[in-house]
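Whatever order the structure lists them in is the order used to number ligands and atoms, beginning at 1.
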Amino acid sequence: MSNTPKPALPLEARAAALRFPASFRFGAATSSYQIEGGMDADGKGKSIWDTFTRRPGVISDGSSGDVACDSYHRWPDDIALLREMGLGSYRFSLSWPRIQPGGRGKVNAKGIGYYDRLIDELLRAGIEPFVTLYHWDLPQELQDDGGWYVRETANRFADYAEIAVAALGDRVKSWTTLNEPWTFAWTGHAYGEDAPGFTDGVKGGLTASHHALLAHGLAVPRIRAAAPGADVGIVLDFNVVHPASSAPQDRAAAKRFEGVQNRWYLDAVFKGRYPDDILELCAVDLPDIRPDDNALIAQPLDFLGMNIYRRSVIGTGSELPPLSFTRTNPPGRNSALNWEIWPRCISEALEYVHREYAPGQIFITENGLATPAETPGADGRVFDLERAEYFVDHLEQVSKALDSGVPVKGYFAWTLIDNFEWAYGYASQFGLAYLDRKSLDRRLKYSGEVYGHIARNGR
Ligand code: IFM
């Protein structure tokens, strides 16, 4: 046998060769603040992102989600894109302040009405709604009372979850409590890069995380009671963590980083306890964790959603003591957000979580590539070859994990349309579809065509 590597197949041939089980769900994902706009339409209350984006200097291009993709008005265009790609599932989030403007008490019927229309039309188009209750847009009034720093917010979230599921659960069969508790807890409360913008280090990150996990735990039984038979899960952002070298200090730093990023959430949700090494290391920064909290958080779940974008290569350093780590950038390709492009992160993450935690069903709920915002060519098309390659490379890894027995049930590309990418505004984009920022028209990019081909023919 020759050792000469086979020439790589052209991208479209690799896309055509991908095969998934007949029941595999292909979809695209978005979130309310990133696409809806309609900032104060029809009685919507303010969220922490409406407030945060008003602060000078926090969003790199000075923008906000006030209009975003205007999906509050143009949602039929979003459904048209899903249909064009032949996707059978759409993952989107509900805006809590659109449904319950003050985060407690009064419900805004017009806000519910918006999601009613969206869901009804999705179902008519044969597209399954996969709904997230919280994707970072906390009602500002709850923030004014302490936000994720206070336990009370967890109770308010459980009430809101019940209201939303009672209104929509006759049609929505897949519910997610939280999207990426690590991100909103740590970037919002430890680093200050996201709303509400606190720079309280480890104490901030752990306190917000614990209350968010309590919110999840309190909401799950309320969701089940409001929509018996629905599938309920949580979405975690998982990082494959590798030490920067084999030196003991780097290995220890990688373990600390991984403990806070992955195990803190996975152990709490699937094993009913926080990891001992992190409890010990961060003892002085811990929030009030009460005796019943662990059991409350570890509710039985129907699925785990995993958002996977990258590998983190970690060495010892000075970031967030006592976690004391630094992120290093191995040579290779990076996205516009400077995230390493390393497709094996998908199969490694899936195999690890399956081995250590064994959730019954796993969905890849986000995966995608940020590029600098694109401009269409003379023919009006966006030829985003790099993004199309990213999806094929990463779907090959999903397929590999399936072959090794991981129960991956579906894949949601991040994201349906170019949208508001938080602190990066609109300068970096992840969309399968291009958004003309003036006309707000949407148009599939080349990556959307390739992904649609896989979704239609790959099962
Ligand atoms: O845009 C975000 C999304 O809101 C949560 N997951 C990561 C994406 C890319 O940064």
Side-chain angles (χ1 to χ4, degrees), residues 27-37 47-50 52-53 58-61 63-65 68-69 71 78 90-96 130-138 176-188 191 193-196 208-209 212 233-240 261-262 265 304-312 327 334-342 345-346 349 363-373 384 386-387 390-391 394 411-433 435 447:
T30 60
S31 88
S32 44
Y33 188 76
Q34 292 178 276
I35 66 159
E36 283 180 2
S47 84
I48 53 175
W49 276 92
D50 294 319
F52 185 66
T53 49
V58 296
I59 308 298
S60 61
D61 58 3
S63 65
S64 75
C69 311
S71 290
D78 300 346
Y90 180 38
R91 174 175 180 251
F92 60 94
S93 76
L94 308 181
S95 158
W96 184 350
F130 201 95
V131 177
T132 305
L133 286 157
Y134 185 74
H135 197 127
W136 312 356
D137 38 1
L138 187 76
T176 295
T177 52
L178 308 176
N179 180 70
E180 298 187 7
W182 179 89
T183 314
F184 69 81
W186 287 81
T187 61
Y191 293 99
E193 184 188 313
D194 284 344
S209 290
I234 188 170
V235 167
L236 302 177
D237 49 325
F238 189 91
N239 272 210
V240 167
Q261 169 83 42
N262 299 331
Y265 305 93
L304 171 68
M306 293 176 70
N307 292 355
I308 307 175
Y309 287 88
R310 58 167 162 178
R311 167 173 73 151
S312 293
R327 190 183 275 282
N334 288 319
S335 78
L337 300 186
N338 212 20
W339 299 355
E340 186 193 14
I341 302 174
W342 197 73
C345 66
I346 291 265
F363 289 88
I364 299 295
T365 33
E366 288 181 25
N367 174 237
L369 177 72
T371 56
D384 57 340
E386 210 188 352
R387 179 171 294 104
Y390 181 99
F391 284 126
H394 287 71
Y411 175 95
F412 292 84
W414 184 266
T415 180
L416 180 63
I417 336 165
D418 286 346
N419 61 40
F420 178 74
E421 178 52 28
W422 309 112
Y424 301 94
Y426 298 94
S428 298
Q429 291 299 335
F430 282 87
L432 290 161
L435 178 84
S447 61

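The contact shell of ligand 1, taken as protein residues with any non-hydrogen atom closer than 4.0 angstrom, comprises Gln34, His135, Trp136, Asn179, Glu180, Tyr309, Trp339, Glu366, Trp414, Glu421, Trp422, Phe430.
Partners of Asp237 according to the salt bridge (Lys or Arg N to Asp or Glu O under 4.0 Å) rule, which considers only residues two or more places apart in sequence or in another chain, do not exist here. Taking the ring-ring contact (aromatic ring centres under 6.0 Å, His included) definition, one finds that Phe420 meets it with Tyr33, Tyr426, sequence neighbours left out. A search for side-chain hydrogen bond (donor to acceptor under 3.5 Å, both in side chains) contacts involving Ser63 returns Asp61, not counting sequence neighbours.
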Please evaluate residues Asp137 and Ser47 with respect to the criterion side chain to side chain donor-acceptor pair (under 3.5 Å), reporting the C-alpha separation (whole Å), side-chain torsions for both, the decisive distance (0.1 Å), and the verdict. CA-CA 5 Å; Asp137 38 1; Ser47 84; 5.4 Å; no
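For the 3.5 Å distance criterion, the side chains of Thr365 and Arg91 fail to qualify, holding no donor opposite an acceptor.
At distances below 3.5 Å, at least one donor-acceptor pair connects side-chain atoms of Trp136 with backbone N or O atoms of Asn179.
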